[in-house]
Amino acid sequence: MIITDVQVRLFETTTRRHSDSAGHAHPGPPHKVRQALLTIRTEDGHEGHSFTAPEIVRPHVIEKFVKKVLIGQDHRDRERLWQELAHWQRGSAAQLTDRTLAVADCALWDLAGRTLGQPIHKLIGAYRDKVLAYGSIMCGDELPGGLATPEDYGRFAETLVKRGYKGIKLHTWMPPVSWAPDVKMDLKACAAVREAVGPDIRLMIDAFHWYSRTDALELGRGLEKLGFDWIEEPMDEQSMSSYKWLADNLDIPVVGPESAAGKHWHRAEWVRSGACDILRTGVNDVGGITPAIKTMRMAECFGMECEVHGNTAMNLHVVAASKNCRWYERGLLHPFLEYDDGHDYLNSLSDPMDEDGFVHVPDRPGLGEDINFDFIENNRVG
Ligand SMILES: O=C(O)[C@H](O)[C@@H](O)[C@@H](O)C(=O)NO
Ligand SMILES: [Mg+2]
C-alpha cells in the first residue's frame, strides 16, 4: 500500500483542437501536442494513472511538492494526502496549482480502483451507471460552414439531436472573433438553435465571460423567452456580488462558479450569498475528485443541483456518484470534428454515448481509461 514512486511520462499526440488567444478551443489542421501521464506506484507494484498537461507536472512541481507529500505514504489515505498537498499551496509562490492537486488526486483514485478492481464511482458510492449528456458546443468562430453564423449553430444542433443528445449548450462568440462579444448575436444563435431543435431539447448557454451586469441581464431575459435552462459564466466570476445581483434579477437559473478559484470553500460562499441557483464544480477546477465530491454533497445540503464542468473520465465518475446533477458535459463539439474518434493514446472512449444520449460509465477499474501504453512508449518525448 506504500507509495514508492511518482513518474511523469511525456508523449506526443495528434489533435485537431487548437487554442485561441483566450484559451478557447477551435478546430484546425492535425498537429502534434505534448501530453503528460502521471503514474503513482506502490511497493506491491500497483499503479494509478492520470493525464494532464506537461506544465502541470513539470519537474519542479513533482520534486518539490508531489513526491515530498506522497512518497512513503499509504496510498489509501487520499483525504490526508489531499489536505497535505493543499496546505503546500500557500507557500508555493503559486507554483502548486489546483490542477496539480487534481491530477495527483485522480491518480490516487485510479490507483485505488485498479488495486481493488473497481471503477471509481463504485468506490465513492455509485448513484447510476449511465447519465444523460449534453452536447457542449465549442465557442463560435469565423470559419465558413463552421460556427460563424446563427444558422450554423442551428444546423449543427440538428445533427447533435440526430446523434442522440437531449441537451445542448452553446458557447457563443468571444474575442478574438473580430466583432465579438455581441449579446444580440448570442440571442440570434440561441433562437436559431431553439427553432431547429424544437421545445423538448434542453438548452443552455455558456457566454462571453466578461459581460457587464446590464449585458448579462439582457442576455438572460432573452434566454427566458427561448426557454433555456441556465445561463453560465456571463460575467467575471471574481465578482460574486455581480452574480448575486444577476440571480436576483433573472428567473432563468444562474450556474456557477466554474473558473473562480477557492475550490469547495469558495463554492460554499457562492451558495451562502445566493450568487447562483445551480452550483458548479469540476475536477480540474476544484483540485480533484475528492473536493469535487465535497462540493456536490454541500450543494445537496442546500437542496441545490451542482453541474460538473468538463468531460473525461474523472468528471464522469463524479456525476455517476451523485444524485443532484442532471448532466455529463460531453464536448467540446464542432461541425468539423468527430468527437467519437477519441484520442490516439486511448484504445476506446472513456465516455461512450448511446443513440438515446446516455453516456455509460466504463466498468473498467479506476478511472476506466483504456490507455494505449504502447502508443505512449512509442511517442515518448520525456
Ligand atoms: O472557457 C473555456 O475554456 C471553455 O468554455 C471550457 O471551459 C468549456 O469546457 C466550458 O466552459 N464548459 O462549461
Ligand atoms: Mg463553462
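If you read the sequence from its start, that first residue is 1, and numbering goes on from there.
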>> One pair to check against side chain to side chain contact (heavy atoms under 4.5 Å, CB included): I205 and L223. What are the steps and the verdict?
In response: CA-CA 9 Å; I205 192 172; L223 296 171; 3.3 Å; yes
For the residue pair [X] and [Y], establish whether any side-chain heavy-atom pair is separated by less than 4.5 Å.
{"X": "T312", "Y": "S350", "result": "no"}
{"X": "R330", "Y": "L349", "result": "yes"}
{"X": "H266", "Y": "M240", "result": "yes"}

Among all residues two or more places apart in sequence or in another chain, which pass the side-chain contact (heavy atoms from CB on, under 4.5 Å) test with [X]?
{"X": "A157", "value": "I168, V193, V197"}
{"X": "D20", "value": "A22, H24, H26, P176"}
{"X": "K225", "value": "none"}

May I ask you to check whether [X] and [Y] show a side-chain donor-acceptor distance below 3.5 Å?
{"X": "N347", "Y": "N372", "value": "yes"}
{"X": "Q7", "Y": "T39", "value": "no"}
{"X": "D236", "Y": "Y211", "value": "no"}

Rounded at 0.5 Å granularity, tell me how far [atom1] in [X] sits from [atom2] in [Y].
{"X": "H60", "Y": "S92", "atom1": "NE2", "atom2": "OG", "result": "7.5 Å"}
{"X": "H209", "Y": "S259", "atom1": "NE2", "atom2": "OG", "result": "7.0 Å"}
{"X": "I376", "Y": "E12", "atom1": "CD1", "atom2": "CD", "result": "13.0 Å"}
{"X": "N284", "Y": "N315", "atom1": "CG", "atom2": "CG", "result": "7.0 Å"}
{"X": "M353", "Y": "E355", "atom1": "CE", "atom2": "CD", "result": "10.0 Å"}

> For Y328, which residues count as a ring-ring contact (aromatic ring centres under 6.0 Å, His included) partner, sequence neighbours excluded?
Replying inline: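 With neighbours one apart ignored, the set is empty.
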> With Y243, which residues qualify under ring-ring contact (aromatic ring centres under 6.0 Å, His included), at least two apart?
Replying inline: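 Applying ring-ring contact (aromatic ring centres under 6.0 Å, His included) to Y243 gives W270.
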>> I'd like to know whether W230 forms a ring pair (Phe, Tyr, Trp, His ring centres under 6.0 Å) with F228, so could you lay out the CA-CA distance, the side-chain angles of the two residues, the decisive distance to 0.1 Å, and finally the verdict.
In response: CA-CA 6 Å; W230 83 57; F228 271 51; over 10 Å; no
> Between F11 and F375, how do the two ring planes meet: parallel, tilted or perpendicular, split at 30° and 60°?
Replying inline: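 Geometry flag for F375 against F11: perpendicular rings.
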> Can you say whether the rings of W327 and Y134 are parallel (under 30°), tilted (30 to 60°) or perpendicular (over 60°)?
Replying inline: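 W327 vs Y134 ring planes: perpendicular.
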Smallest separation among heavy atoms of [X] and [Y], with atom names:
{"X": "F358", "Y": "H360", "value": "O-CD2, 3.4 Å"}
{"X": "V361", "Y": "A320", "value": "CG2-CB, 3.6 Å"}
{"X": "A216", "Y": "M235", "value": "CB-CG, 3.8 Å"}
{"X": "P54", "Y": "A36", "value": "CA-CB, 3.9 Å"}
{"X": "C325", "Y": "C306", "value": "CB-O, 2.8 Å"}
{"X": "S136", "Y": "H171", "value": "OG-CE1, 3.1 Å"}

Starting from [Y], can I reach [X] by hopping between I/L/V/M/F/W/Y residues whose side chains sit under 4.5 Å apart?
{"X": "V57", "Y": "V381", "value": "yes"}
{"X": "V283", "Y": "I56", "value": "no"}
{"X": "L333", "Y": "L316", "value": "yes"}
{"X": "V359", "Y": "L346", "value": "no"}
{"X": "L226", "Y": "M204", "value": "no"}

>> Apply the hydrophobic cluster definition, ILVMFWY joined by side-chain contacts under 4.5 Å directly or through others, and give me every member besides M1.
In response: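 M1 shares its hydrophobic cluster with no other residue.
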>> My understanding is that a hydrophobic cluster links ILVMFWY residues whose side chain heavy atoms are under 4.5 Å apart, including indirect links. Using that, what else belongs to the cluster containing F336?
In response: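 F336 clusters with L143.
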Show me the side-chain donor-acceptor pairs of residues 114-121 shorter than 3.5 Å, one per line, residues at least two apart or across chains.
from: R114; atom 1: NE; to: D110; atom 2: OD1; distance (Å): 3.3
from: R114; atom 1: NE; to: D110; atom 2: OD2; distance (Å): 2.6
from: T115; atom 1: OG1; to: L111; atom 2: O; distance (Å): 2.6
from: H121; atom 1: NE2; to: D129; atom 2: OD1; distance (Å): 2.9

Check [Y] with [X], please: is the shortest side-chain N to carboxylate O separation under 4.0 Å?
{"X": "E305", "Y": "R326", "answer": "yes"}
{"X": "R155", "Y": "E151", "answer": "no"}
{"X": "K184", "Y": "E218", "answer": "yes"}
{"X": "R272", "Y": "E269", "answer": "yes"}

All N/O donor-acceptor pairs, side-chain side in residues 291-304, below 3.5 Å, sequence neighbours left out:
from: K294; atom 1: NZ; to: E79; atom 2: OE1; distance (Å): 3.3
from: K294; atom 1: NZ; to: E79; atom 2: OE2; distance (Å): 2.7
from: T295; atom 1: OG1; to: P291; atom 2: O; distance (Å): 2.8
from: R297; atom 1: NH1; to: S322; atom 2: OG; distance (Å): 3.1
from: R297; atom 1: NH2; to: A321; atom 2: O; distance (Å): 2.8

> Mind checking what makes side-chain hydrogen bond (donor to acceptor under 3.5 Å, both in side chains) contact with R76, not counting sequence neighbours?
Replying inline: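 Checked R76 against side-chain hydrogen bond (donor to acceptor under 3.5 Å, both in side chains); matches are D74.
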> Does Y153 have its ring centroid less than 6.0 Å away from the ring centroid of F156?
Replying inline: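 No; F156 has its ring centre 6.0 Å or more from that of Y153.
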> Stepwise, does the side-chain hydrogen bond (donor to acceptor under 3.5 Å, both in side chains) test hold for T290 with R78?
Replying inline: CA-CA 8 Å; T290 300; R78 286 185 300 277; 5.2 Å; no
>> What verdict does the side chain to side chain contact (heavy atoms under 4.5 Å, CB included) test give for H317 and K122, after you've listed the backbone C-alpha separation in whole Å, the side-chain angles of each residue and the deciding distance to 0.1 Å?
In response: CA-CA 9 Å; H317 283 286; K122 298 294 187 184; over 6 Å; no
Could you go through residues 246-258 and list every donor-acceptor pair under 3.5 Å that involves a side-chain atom there, pairing it with any protein atom two or more places apart or in another chain?
from: D248; atom 1: OD2; to: K244; atom 2: NZ; distance (Å): 3.2
from: N249; atom 1: ND2; to: W245; atom 2: O; distance (Å): 2.6
from: E258; atom 1: OE1; to: R280; atom 2: NE; distance (Å): 2.8
from: E258; atom 1: OE1; to: R280; atom 2: NH2; distance (Å): 3.3
from: E258; atom 1: OE2; to: H309; atom 2: NE2; distance (Å): 3.1

>> Test ring pair (Phe, Tyr, Trp, His ring centres under 6.0 Å) on H49 and W109; report intermediate values, then the result.
In response: CA-CA 9 Å; H49 309 282; W109 275 102; over 10 Å; no
>> Can you pull out every salt bridge (charged side-chain N to carboxylate O under 4.0 Å, His left out) where at least one residue sits in residues 156-174? Sequence neighbours excluded, please.
In response: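 Found R163-D340, K169-D206, K169-E232, K169-E329.
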> Can you check side-chain hydrogen bond (donor to acceptor under 3.5 Å, both in side chains) on E43 and T4, steps first, answer last?
Replying inline: CA-CA 6 Å; E43 61 190 344; T4 52; over 6 Å; no
> Would H334 and D141 satisfy side-chain hydrogen bond (donor to acceptor under 3.5 Å, both in side chains), going step by step from the backbone distance to the final call?
Replying inline: CA-CA 10 Å; H334 191 281; D141 50 47; 2.7 Å; yes
